[in-house]
Amino acid sequence: MSVEQAPETLNLRSEVADAAAHDGLWHAWKTAFRRELIMAFRHKGELANPLIFFLMVVVFLPLGIGTEKAVLSQLAPGMIWVIALLATLLSLDGLFRSDFDDGSLEQLLLSPQPLAALVLTKILAHWLVTGIPLVLLTPLLGLMLYLPVEGYFPMMLSLLIGTGSLSLIGSIGAALTVGLRKGGLILSLVVMPLYIPVLIFGASAVNEAVQGFAIGGQLAILGAMMLMALITAPFAVAGALRIGVSGS
Amino acid sequence: MLQLRQFTCVRDDEPLFIPFDTTIEAGDIVQIAGPNGAGKTTLLRSLCGLYDSYEGECDWQGTAIRRSREAFLSQLLYFGHHPGVKKSLTARENLEWFAGIKGVNSTFDVDAVLALVGLAGYADIPCQQMSAGQHRRVGLARLYFDPSPLWILDEPFTAIDRQGVARLESLLESHAQKGGIVILTTHQPLSLEGYRTINLEKYEEGGYVS
C-alpha cells in the first residue's frame, strides 16, 4: 500500500455502526460530563465524606474551645474557610485515581478531542458535588459558630468563587500524584502553598464584611484567581496526566 | 500503514529490545510475542503514544505519530490491559462514553452491539455485577462500533471463553479483510489465517521472526 492511499478507504465501519457519524467536541464533552455526574451520584459515600468532615469539625469546635459567643464569632469566618479548604483537599485524592486504575484514563488520553477540555468535565463535576454542597451547608455552620449576620452572604459568595479555585488548583495536584500508590500526603504538600492566597482573600472578605467594610476588592481578586486557574489548570492537568500514565 | 524504523522502547535508559524495522500494511494481523517482561505491552503503549520513552521512528500513513497526534488518535482503537470499563456504570453508559469521547455518534444500537459479544440483555446492569469475562466483553464491544482502522489489542482473549475467542478471531479476520490493521499480544495459540508474528525474543538479521 502506498503512503498516498486515501484515508477514506481505511475508515471502516462495521455493520452496526453504519449510521454513526463523527461528531464534535461538544458531544464528547457532554457525554464525559454526564458520566462524571452519574458516577458521583452512584458513589454517595464519597459524595458525603467531605460534608460529614465539614459538619463534624464544626460540631466539635465549640466543644473544644468553649461556647463563648464572642470567641466563636471572632473565629468563625477563618474557621469555616479553613475547614472548607481541608474538606476539598480530602476529596481530591480520588479525582483521577479510579480512572487510572481501571484504564479509562488511558482511553481518555487516546480521545482525538483535546484532553484539557475533557478533564475540565471532571473538575467541574468535582466542584458541583463538593464545592456547591459546602456552600449550601455554610449557613447552618455559621449558625453553630455564631457567625455575625453580616457575614453570611459574603461567606457564601466567597466560598462559591473560592471553592472553584480550590477544585481547579487541587486537580493539578491530583493529576501529578495519580501514578503514586500513596499520593495523599504529597498531594497536600503540592497543593497547600497554592491554596494559601485563596484562603487569605476568602477569609479576609468575610472578616471585613463582619466589620462593616466593603469587600469588592477581595471578591474581585478571588474571581481573578478563579479565572486564572480556569484558564491554566486544565492544560496543566492534561500535561500531568500524560506524564503520570506514561510512567506507569 | 504503520511503519517502524529502528524502533525500541527505553526503560531506565536501557532499551527493552533490539531496535527493529517493520512495516505493517492495511490488511495485516500482527501478533507481538515474547515471554513476560519482554516489552510487549510497553511496545503497544508506545505505538499508541501512551508511553513516550522510545527511540526510532513510528509513522502512521507517512507522518510521525508525534506530529499528527489528533489525526492518528481518531484512527486508533486501543484495548488495554485494563479495559477502561467503569464498574459503577452500566454496560450502556460505558459504551456511550466510549463512543462519545471517540467522536462516534452514540445513536448506534447498544443492545445489538452487546448481543454480538454475547451480552444480550445486560445493557442496563452495572458492570460491578458482571463476571471478569463479561466485564472484558463490555470493553471488547467497542470493536463492533468503533470505525477506527488501526486496532491495538493487549491480551484481548484474557478471561474470554472458547466460544468468545472464536468469535473474536473471526471479527479480527474480517477487520483485516476490510483493510484494517490488527496488532495484538496473546499467549494463546491463534487459529487465524495469514497472520504474522513478531517475537521479541528471536532477533535475526535486522528484524524479529516468529
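Per chain, numbering begins at 1; letters A, B, ... match sequence-line order.
Heavy-atom pairs under 4.5 Å with chain B peak, among A:Leu118, A:Leu105, A:Asp102, at A:Asp102. Here A:Ser104 is the residue among A:Ala28, A:Ala32, A:Ser104, A:Ser98 with the most heavy-atom pairs under 4.5 Å with chain B. In terms of heavy-atom pairs under 4.5 angstrom with chain B, the leader among A:His43, A:Gln107, A:Arg35, A:Arg42 is A:Arg35.
Between the side chains of B:Arg66 and B:Tyr54, at least one donor-acceptor pair of N or O atoms lies under 3.5 Å.
Contacts of B:Glu70 with chain A are made by both backbone and side-chain atoms, with heavy-atom separations under 4.5 Å. Contacts between B:Leu76 and chain A at a heavy-atom distance below 4.5 Å involve the side chain alone, from C-beta outward. B:Phe98 touches chain A through its side chain: at least one heavy atom from C-beta onward sits under 4.5 Å away, while N, CA, C and O do not. The contact between A:Asp99 and chain B is made by backbone and side chain atoms together, counting heavy-atom distances below 4.5 Å. The parts of A:Leu108 that come within reach of chain B are both its backbone and its side chain, each placing non-hydrogen atoms under 4.5 angstrom from that chain.
Checking side-chain atoms of A:Arg242 against main-chain N and O of A:Val237 turns up no donor-acceptor pair under 3.5 Å. Between the B:Asp21 side chain and the B:Gln6 main chain, a donor and an acceptor come within less than 3.5 Å of each other.
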Are A:Trp81 and A:Ser158 close enough, and set up right, to give a side chain to side chain donor-acceptor pair (under 3.5 Å), and what steps lead you there? CA-CA 9 Å; A:Trp81 250 99; A:Ser158 64; 3.2 Å; yes
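A distance of 10.0 Å separates CG of A:Leu222 from OG1 of A:Thr163, quoted to the nearest 0.5 Å.
One finds a salt bridge joining B:Asp161 and B:Arg137 here, because a Lys/Arg side-chain nitrogen approaches an Asp/Glu carboxylate oxygen to under 4.0 Å.
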